[in-house]
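Being a predicted model, the structure only gives us computed values, none of them experimental.
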Amino acid sequence: MNDLRAPNRVASLAAQLVDTLREQIASGEWPVGMRIPAENDLVKQLGVGRTTVREALGALVHLGLLEARRGDGTYVRASSEMQSVLMRRANSSRRDDVLELRAVLEEYASGLAAVRRTDDDLVSLRRLLDESEARDDAEADVRFHQAVVEAGRNSLLTEVYDVLSASVAEQIGDTLWPEATAAEHTRLHRRLVEAIAAKDEVGARYCAAEIVKLTQAGTEREK
């Protein structure tokens with residue numbers, strides 16, 4: 001039996017460039033949705049060959065972090081490999097399945113927020129809730145719930161939820177609420193913030209679960 005040879009520990013220039021560009025994306029320097037610099041500009045900025053740049057960009061496209069659009073450039077599609085995989089999975093799933101998973105995450109995250117929130121979190125939550133009520137659209141509501149999850153201080157849960165919430169917003173759009181349902185929706189959101197303010201973990205989880213149930217009921221009527 002032949003002896004196994006140890007792998008070459010010196011990463012190729014393209015592999016090093018992949019790590020560099022991945023860091024640009026993960027840090028938010030290149031946020032999701034941004035068109036990244038053109039290939040020629042990257043060659044000049046980085047001082048590497050065109051082939052190296054193309055190989056690195058191709059690898060990031062394959063990982064799902066970048067998306068090449070013919071005639072338009074290359075855009076950031078996801079902030080991490082996990083986000084890319086979750087986006088594809090959520091977008092190909094039944095709406096009810098996505099909403100049920102959202103219910104599980106939001107209920108648990110709201111309980112964490114009640115336990116771990118800071119005074120700054122409360123200021124942010126109340127501001128976002130006011131904006132959500134004033135604008136009355138899905139995007140504002142998503143930002144509020146993302147802030148609730150972030151207040152729970154679990155970075156992995158936050159990353160998963162951010163992907164899921166984007167999928168929910170795409171799938172349900174701006175649901176038209178009957179007046180009574182809209183009023184209940186607002187009341188539950190207010191109760192959720194007050195439960196988090198009071199550090200009432202059980203109350204926060206209950207309100208979060210009721211909000212998702214209300215959303216599910218509303219989307220059922222839209223079908």
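The side chain to side chain contact (heavy atoms under 4.5 Å, CB included) check on Arg143 picks up Leu128, Glu131, Arg135, Glu139, Ala140, Gln146, with sequence neighbours excluded. Residues satisfying the salt bridge (Lys or Arg N to Asp or Glu O under 4.0 Å) criterion with Arg187, sequence neighbours excluded, are Glu184. With sequence neighbours left out, Asp97 forms a side chain to side chain contact (heavy atoms under 4.5 Å, CB included) with Arg94, Glu100. Partners of Leu112 under the side chain to side chain contact (heavy atoms under 4.5 Å, CB included) rule, at least two apart in sequence or in another chain, are Tyr108, Arg116, Asn154, Leu157. Shown here are the salt bridge (Lys or Arg N to Asp or Glu O under 4.0 Å) partners of Arg22, two or more places apart in sequence or in another chain: Asp19, Glu81. For Glu210, the side chain to side chain donor-acceptor pair (under 3.5 Å) test picks out Lys213, with sequence neighbours left out. Shown here are the side chain to side chain contact (heavy atoms under 4.5 Å, CB included) partners of Asn40, two or more places apart in sequence or in another chain: Arg50.
Residue pairs that meet the salt bridge (charged side-chain N to carboxylate O under 4.0 Å, His left out) test with at least one member in residues 149-161, sequence neighbours left out, are Asp121-Arg153. Residues in residues 117-154 take part in these ring-ring contact (aromatic ring centres under 6.0 Å, His included) pairs, two or more places apart or across chains: Phe144-His189, His145-His189.
Panel note: side chain Ser110, backbone Glu106; a donor-acceptor pair is recorded below 3.5 Å.
Neither Leu99 nor Val104 shares a network with the other; the hydrophobic side chains, linked directly or stepwise wherever heavy atoms of I, L, V, M, F, W or Y lie under 4.5 Å apart, form separate groups for each. One hydrophobic cluster holds both Leu214 and Leu129 under the rule that ILVMFWY side chains link at heavy-atom gaps under 4.5 Å. No single ILVMFWY cluster, assembled from side-chain heavy atoms under 4.5 Å apart, contains both Val115 and Tyr161.
For the atom pair CG (Leu122) and CZ (Arg127), the distance works out to 13.0 Å, reported to the nearest 0.5 Å. Note that CG of Leu66 is 5.0 Å distant from CD1 of Ile36, once rounded to the nearest 0.5 Å. Interatomic distance, CG of Leu105 versus CG of Leu101, reported as 4.5 Å (0.5 Å rounding). A distance of 9.0 Å separates OG of Ser93 from CG of Leu164, quoted to the nearest 0.5 Å. Atom-to-atom distance recorded for Tyr75:OH and Arg69:CZ is 5.5 Å, nearest 0.5 angstrom. Between the CG atom of Leu188 and the CD1 atom of Ile211 there is a distance of 5.5 Å, given to the nearest 0.5 Å.
Asp200 approaches Gly203 most closely through the heavy-atom pair OD1-N, 2.9 Å. The two residues Gly73 and Arg35 have their closest heavy-atom pair at CA-CD, 4.2 Å. Scanning all heavy atoms of the two residues, the minimum distance from Val212 to Ala103 falls at CG1-CB, 3.4 Å.
Here Asp96 does not pair with Arg102 in a salt bridge; the nearest charged N to carboxylate O distance is not below 4.0 Å.
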For residues 52-63, which side-chain donor-acceptor pairs fall under 3.5 Å, sequence neighbours excluded?
{"from": "Arg54", "atom 1": "NE", "to": "Glu39", "atom 2": "OE1", "distance (Å)": "3.2"}
{"from": "Arg54", "atom 1": "NE", "to": "Glu39", "atom 2": "OE2", "distance (Å)": "2.8"}
{"from": "Arg54", "atom 1": "NH2", "to": "Glu39", "atom 2": "OE2", "distance (Å)": "3.3"}

Report all side-chain donor-acceptor pairs from residues 23-33 shorter than 3.5 Å, counting only partners two or more places apart or in another chain.
{"from": "Ser27", "atom 1": "OG", "to": "Glu23", "atom 2": "O", "distance (Å)": "2.9"}
{"from": "Ser27", "atom 1": "OG", "to": "Gln24", "atom 2": "O", "distance (Å)": "3.2"}
{"from": "Ser27", "atom 1": "OG", "to": "Glu29", "atom 2": "N", "distance (Å)": "3.4"}

N/O donor to acceptor pairs below 3.5 angstrom from side-chain atoms of residues 191-198, sequence neighbours left out:
{"from": "Glu194", "atom 1": "OE1", "to": "Arg126", "atom 2": "NH2", "distance (Å)": "3.3"}
{"from": "Glu194", "atom 1": "OE2", "to": "Arg126", "atom 2": "NH2", "distance (Å)": "3.3"}

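For Thr186 and Arg190, the side-chain atoms include no donor-acceptor pair closer than 3.5 Å.
Looking at heavy atoms from C-beta onward, Leu46 lies in side-chain contact with Leu17 at the 4.5 angstrom threshold. Proximity of Asp119 to Arg117: side-chain heavy atoms (C-beta onward) are separated by under 4.5 Å at one or more points.
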